[in-house]
2 protein chains.
Amino acid sequence: MDQDLIKKIPHKTIQRLSQYRRALLLCFEQGKTHIFSHEIANLQHITAVQVRRDLMLIGYSGNLRKGYNIKDLIELIGKIIDSPNGQKVAIFGMGNFGRAISKYFSGRRSKLTIVAGFDVSPDKVGKEIVGIPCYHMDKAREIILQEGIKIGIITVPGDQAVETAKAMVEAGMKGILNYSPTPVEVPENVFLEEYDMVTSLEKVAFYVKEH
Amino acid sequence: MDQDLIKKIPHKTIQRLSQYRRALLLCFEQGKTHIFSHEIANLQHITAVQVRRDLMLIGYSGNLRKGYNIKDLIELIGKIIDSPNGQKVAIFGMGNFGRAISKYFSGRRSKLTIVAGFDVSPDKVGKEIVGIPCYHMDKAREIILQEGIKIGIITVPGDQAVETAKAMVEAGMKGILNYSPTPVEVPENVFLEEYDMVTSLEKVAFYVKEH
DNA sequence: TTTGCCCTGTTAATTAAATAACAAATTATG
DNA sequence: CATAATTTGTTATTTAATTAACAGGGCAAA
């Protein structure tokens, strides 16, 4: 598929494609071969129109009577969002949060592999946590360069987030997912996604209050 | 402040108000009394215009020369997003993820208090985890009604999310934050927010791949 | 006093995203 | 064969959110 077209796919569509794929994988495992847009929609909180629009953007055509070929669609989504040889990921902060993420990914066949964890606590450094080797934060630069890790997840406490992000950028990382409550700065060429659980919970609380 | 006006505040603004407040609390602790919109903006990934627009929506007026009064602004944001008597929150699934959230909230003076955790694992039920009593999932309905809990966070594995959400709704919960990878269904009068770490990571990976 | 600067507050314009609308295609059915 | 029922693919419309533009106020310095 044309690279220029891929770049024009909206952020939200990219994220939905990832969701579609997971739902499709489940269907595929159940032996289903084809699926309609409204079936995909029903598996998520999405409308059938939205699904068809997203699939139009990636240039996939379904069968008018049978719907979409699940196997083909999974493959196409993979071609768009995955890297051919996979990508390595590192986690910064192996507390409960870091371990939760590691655990979630371990054993999952995926193009994304968590290959290293970093922490400062002596009872974690040097050990394997959920099958992932845990190194001291001081070793981060070395390991990142050595392994060619380009993606990192920040799960350190808020007061360490800024320095952690700085170190990550300096070691050449190109994508950062920041789960700490503190916003971090990155250069323009580094993709940053921040998610703060507290503000999200406060939002929920607000709308509960308002009925 | 007028209730009708509050309801018209965009979702994104609500979330930003929560962010502003946290940043403002830090400034306040440092002894600062006033702050300019561009200063607030610099603490987050937000523009000064956005800040002023958000504050306009909540009807707060700053001083032309000194900027915004930090104390007053913190109070006003509190009036909008907090409930006067606070709100209780329960966590469903006390694995690493559930514990991470509990730990994060414990000790934080806030109008949101996590008062109960639910799990099925015998080595968690009956114990206190980070100061939060952990009950068996079967007790959920009872505890929720007894304590009047209206907000719940789902951190159970994906295959249990749907039934968990169902139980939460049946027990009268009005707000659900679903961190499991499986979308759940709720009635219209229940506010639902879903966040999936895997799709977010895949999005980051996608944009890293595309430089 | 007057000029210039740097704020706020608000309206206008732009962009991004979701929704609606509908033509075209295909199969089943009478 | 014609009609009805579905479903896809695409364009048009609407809505939501962000960004730009700018009027107006107040202080400082000349």
Side-chain angles (χ1 to χ4, degrees), chain A residues 1 5-20 24 27 32-70 72-73 76-77 188 193-194 199 203 206-207, chain B residues 1 5-20 24 27 32-70 72-73 76-77 183 188 192-194 199 203 206-207:
Chain A
M1 188 179 170
L5 268 178
I6 288 183
K7 282 192 183 150
K8 275 171 199 144
I9 297 174
H11 285 214
K12 300 251 177 136
T13 294
I14 293 293
Q15 213 156 338
R16 280 193 297 267
L17 288 173
S18 166
Q19 287 180 250
Y20 298 160
L24 290 169
C27 296
K32 243 170 115 73
T33 61
H34 290 77
I35 193 165
F36 295 122
S37 60
H38 64 261
E39 291 179 291
I40 300 178
N42 286 341
L43 296 169
Q44 334 266 148
H45 296 121
I46 294 174
T47 65
V49 183
Q50 184 81 270
V51 172
R52 291 205 300 278
R53 225 181 175 296
D54 286 337
L55 298 189
M56 181 192 85
L57 290 175
I58 65 171
Y60 185 71
S61 285
N63 180 298
L64 203 45
R65 208 63 198 171
K66 291 192 277 182
Y68 302 94
N69 180 298
I70 292 176
D72 290 355
L73 189 45
L76 178 59
I77 293 175
E188 208 183 357
E193 163 105 351
E194 304 199 310
T199 58
K203 187 172 78 174
F206 172 80
Y207 285 103
Chain B
M1 188 178 170
L5 268 179
I6 288 184
K7 284 195 180 146
K8 275 172 195 140
I9 298 175
H11 284 215
K12 300 251 176 134
T13 295
I14 293 294
Q15 213 156 341
R16 279 193 298 266
L17 288 174
S18 165
Q19 286 180 250
Y20 297 159
L24 290 170
C27 295
K32 242 171 115 73
T33 61
H34 289 78
I35 193 166
F36 295 123
S37 61
H38 64 260
E39 289 179 294
I40 300 179
N42 285 342
L43 295 169
Q44 334 266 146
H45 298 120
I46 294 173
T47 65
V49 183
Q50 184 81 267
V51 172
R52 290 205 301 276
R53 225 181 175 296
D54 286 336
L55 298 189
M56 183 191 85
L57 289 175
I58 64 171
Y60 185 71
S61 284
N63 181 297
L64 205 45
R65 207 63 195 171
K66 292 193 278 183
Y68 302 94
N69 180 299
I70 292 176
D72 291 353
L73 189 46
L76 178 59
I77 293 176
E188 211 183 354
L192 174 69
E193 164 106 350
E194 304 200 306
T199 59
K203 186 171 79 173
F206 172 79
Y207 286 103

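In what follows, chains are A, B, ... by sequence order, proteins preceding strands, each numbered from 1.
Non-hydrogen atoms lying under 4.0 Å from DNA chain D are contributed by A:H38, all within residues 38-50 of chain A.
Within the 4.5 Å cutoff, the side chain of A:D54 has no heavy atoms near those of the A:P10 side chain. With a 4.5 Å cut-off on side-chain heavy atoms, B:K66 and B:F36 do not count as touching. Contact check for B:S37 versus B:T47: no side-chain heavy atoms found under the 4.5 Å cut-off. Side-chain contact check for B:E194 versus B:P183: some heavy-atom pair is nearer than 4.5 Å. With a 4.5 Å cut-off on side-chain heavy atoms, B:Y60 and B:N69 count as touching. Using a 4.5 Å heavy-atom cutoff, the side chains of B:I70 and B:T33 are not in contact.
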Taking only nitrogen or oxygen atoms into account, show me every contact under 3.5 Å that the protein makes with nucleotides 24-30 of chain D, one pair per line with its distance.
residue, atom, partner, partner atom, Å
D:dG26, N2, B:R65, NH1, 3.0

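Taken from CD1 in B:I46 to CZ in B:R53, the straight-line distance is 14.0 Å, to the nearest 0.5 Å. Here the straight-line distance linking atom CG of A:L76 with atom CG of A:L55 works out to 8.5 Å at 0.5 Å rounding.
Between the CZ atom of B:R52 and the P atom of C:dT10 there is a distance of 11 Å, rounded to whole Å. Atom CZ of B:R53 and atom P of C:dG9 are 13 Å apart (whole Å). Atom-to-atom, NZ of A:K12 to C1' of C:dT19 comes out at 14 Å; the value is rounded to the nearest Å. The NE2 atom of A:H11 sits 14 Å away from the C1' atom of D:dT18 (whole-angstrom rounding). Distance A:L55 CG to D:dT10 P: 11 Å, rounded to the nearest Å. Distance, A:Q15 CD to C:dA18 P: 11 Å, rounded to whole Å. Here C:dG9 presents its P atom at 12 Å from CZ of B:F36, a figure rounded to the nearest Å. To the nearest angstrom, P of D:dA16 lies 12 Å from NZ of B:K8.
If you check every strand for non-hydrogen atoms under 4.0 Å, A:S61 touches sugar and phosphate atoms only.
Within the structure, a side-chain polar atom (N or O) of B:R16 is placed less than 4.0 Å from OP1 or OP2 of D:dT18.
Checked by atom type, the side-chain pair A:Y68/A:N63 shows no donor-acceptor distance below 3.5 Å.
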